[in-house]
Amino acid sequence: MKRYSFLLLVMPLLMACGASKDGSEDQLKEVADSFSVGYFNYDLQKAKRFSTDDSEKWLQYIASNIQQEDVDILRQQELPATIQVGEVSYTGDSSAIVNISVQNFLKMDSIGKAGVMTDEADFRLNAHIHNGRWYIRMEGPLRSEKRNPD
């Protein structure tokens with residue numbers, strides 16, 4: 001009976017430890033989704049919470065290039081940009097690439113030109129793990145990947 005009682009006490013603790021999402025693929029996909037929702041809806045403060053410290057300079061760069069015309073286009077949209085997280089490829093013990101598809105987002109143009117709404121595009125996010133948590137690491141503004149004409 002003591003052994004059974006002990007198991008009843010210990011099992012929930014073991015299950016809670018096993019259910020931790022720190023560093024898991026589920027946590028990585030959640031971070032990729034949260035970052036992307038912030039980034040592509042121009043809530044760059046939200047995107048910053050899910051990115052590495054050295055990504056902040058790129059988020060600031062993007063923020064500094066948003067023009068009033070871009071804000072006006074975003075305000076006219078009925079629906080926000082939506083994200084679909086796809087395949088994850090691990091490139092090492094502490095790094096991965098997450099493929100995402102983004103629908104209905106404002107694609108920034110060059111400086112001095114208003115952005116244009118884009119139906120859909122694919123992106124690759126670099127992710128790195130630090131202290132058991134995944135973060136998106138930007139090496140520049142995100143650029144869309146070419147789609148295969150399959």
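This chain uses plain numbering: 1 for the first residue, then up along the sequence. All values reported here derive from a predicted model rather than from experimental measurement.
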Which pairs of donor and acceptor atoms, one on a side chain in residues 72-79, lie under 3.5 Å apart (sequence neighbours left out)?
residue, atom, partner, partner atom, Å
D72, OD1, Q68, NE2, 2.8
Q77, NE2, I73, O, 3.2

Relative to each other, are the rings of F123 and F105 parallel, tilted or perpendicular (30° and 60° limits)? perpendicular
Could you see if F40 belongs to whatever hydrophobic cluster contains M117? Use Ile, Leu, Val, Met, Phe, Trp, Tyr and a side-chain cutoff under 4.5 Å. yes
Take M138 and E56, measure what side-chain contact (heavy atoms from CB on, under 4.5 Å) needs, and give me the verdict at the end. CA-CA 8 Å; M138 296 179 66; E56 183 176 0; over 6 Å; no
L106 vs D70, test: side-chain contact (heavy atoms from CB on, under 4.5 Å). Steps then yes/no. CA-CA 8 Å; L106 180 70; D70 299 322; 3.8 Å; yes
What are the two closest non-hydrogen atoms of N41 and A81, and how far apart are they? OD1-N, 2.7 Å
Here the gap from I100 atom CD1 to E145 atom CD, rounded to the nearest 0.5 Å, amounts to 10.0 Å
Distance, nearest 0.5 Å, that separates CH2 of W134 from OG of S24: 9.5 Å
Which residues share a salt bridge (Lys or Arg N to Asp or Glu O under 4.0 Å) with E69, sequence neighbours left out: none
Check against side-chain contact (heavy atoms from CB on, under 4.5 Å), L28 and V88: CA-CA 9 Å; L28 171 55; V88 174; 3.5 Å; yes
dist S55:OG -> Y61:OH (nearest 0.5 Å) comes out at 15.5 Å
Over all heavy atoms of both residues, which pair between M108 and N65 is shortest? Give the atoms and the distance, please. CE-O, 3.9 Å
Any chance the side chains of T118 and E120 put a donor and an acceptor closer than 3.5 Å? no
Exercise: identify the closest heavy-atom pair between L125 and S36: CD1-OG, 3.4 Å
Spacing of Y90 atom OH and S95 atom OG [to the nearest 0.5 Å]: 10.5 Å
When rounded to the nearest 0.5 angstrom, what distance separates CD in E30 from CZ in R133? 8.0 Å
Please step through side-chain contact (heavy atoms from CB on, under 4.5 Å) for the pair I62 and Y42, ending with a clear verdict. CA-CA 9 Å; I62 292 161; Y42 293 92; 4.1 Å; yes
So, for S51 and L59, which heavy atoms are closest and what is the spacing to 0.1 Å? OG-CD1, 3.7 Å
Contact summary for K46 and S34, nearest pair of heavy atoms: CE-O, 3.6 Å
Could you check whether any side-chain heavy atom of V85 comes within less than 4.5 Å of a side-chain heavy atom of V98, counting everything from C-beta outward? yes
Salt bridge (Lys or Arg N to Asp or Glu O under 4.0 Å) against D43, all qualifying residues, sequence neighbours excluded: none
Verdict with reasoning, Q84 to T82, per side chain to side chain donor-acceptor pair (under 3.5 Å): CA-CA 7 Å; Q84 290 181 320; T82 56; over 6 Å; no
Quick note, ring-ring contact (aromatic ring centres under 6.0 Å, His included) partners involving residues 66-86, not counting sequence neighbours, are none
Looking at every heavy atom in both A121 and S144, which two are closest together, and how far apart are they? CB-CB, 3.8 Å
Could you tell me the separation between the CD atom of E87 and the CZ atom of R124, rounded to the nearest 0.5 Å? 9.5 Å
Is there side-chain contact between N126 and E139, with heavy atoms separated by less than 4.5 Å? yes
Could you tell me which residues satisfy ring pair (Phe, Tyr, Trp, His ring centres under 6.0 Å) with Y135, sequence neighbours excluded, listed by chain and number? none
Contacts of F50 that satisfy ring pair (Phe, Tyr, Trp, His ring centres under 6.0 Å) - sequence neighbours left out: none
Are I97 and Y39 connected into the same hydrophobic cluster when the rule is that any two of I, L, V, M, F, W, Y join if their side-chain heavy atoms are below 4.5 Å apart? no
Would you say V71 ends up clustered with L44 if hydrophobic residues are merged whenever their side chains have heavy atoms under 4.5 Å apart, either directly or through other cluster members? yes
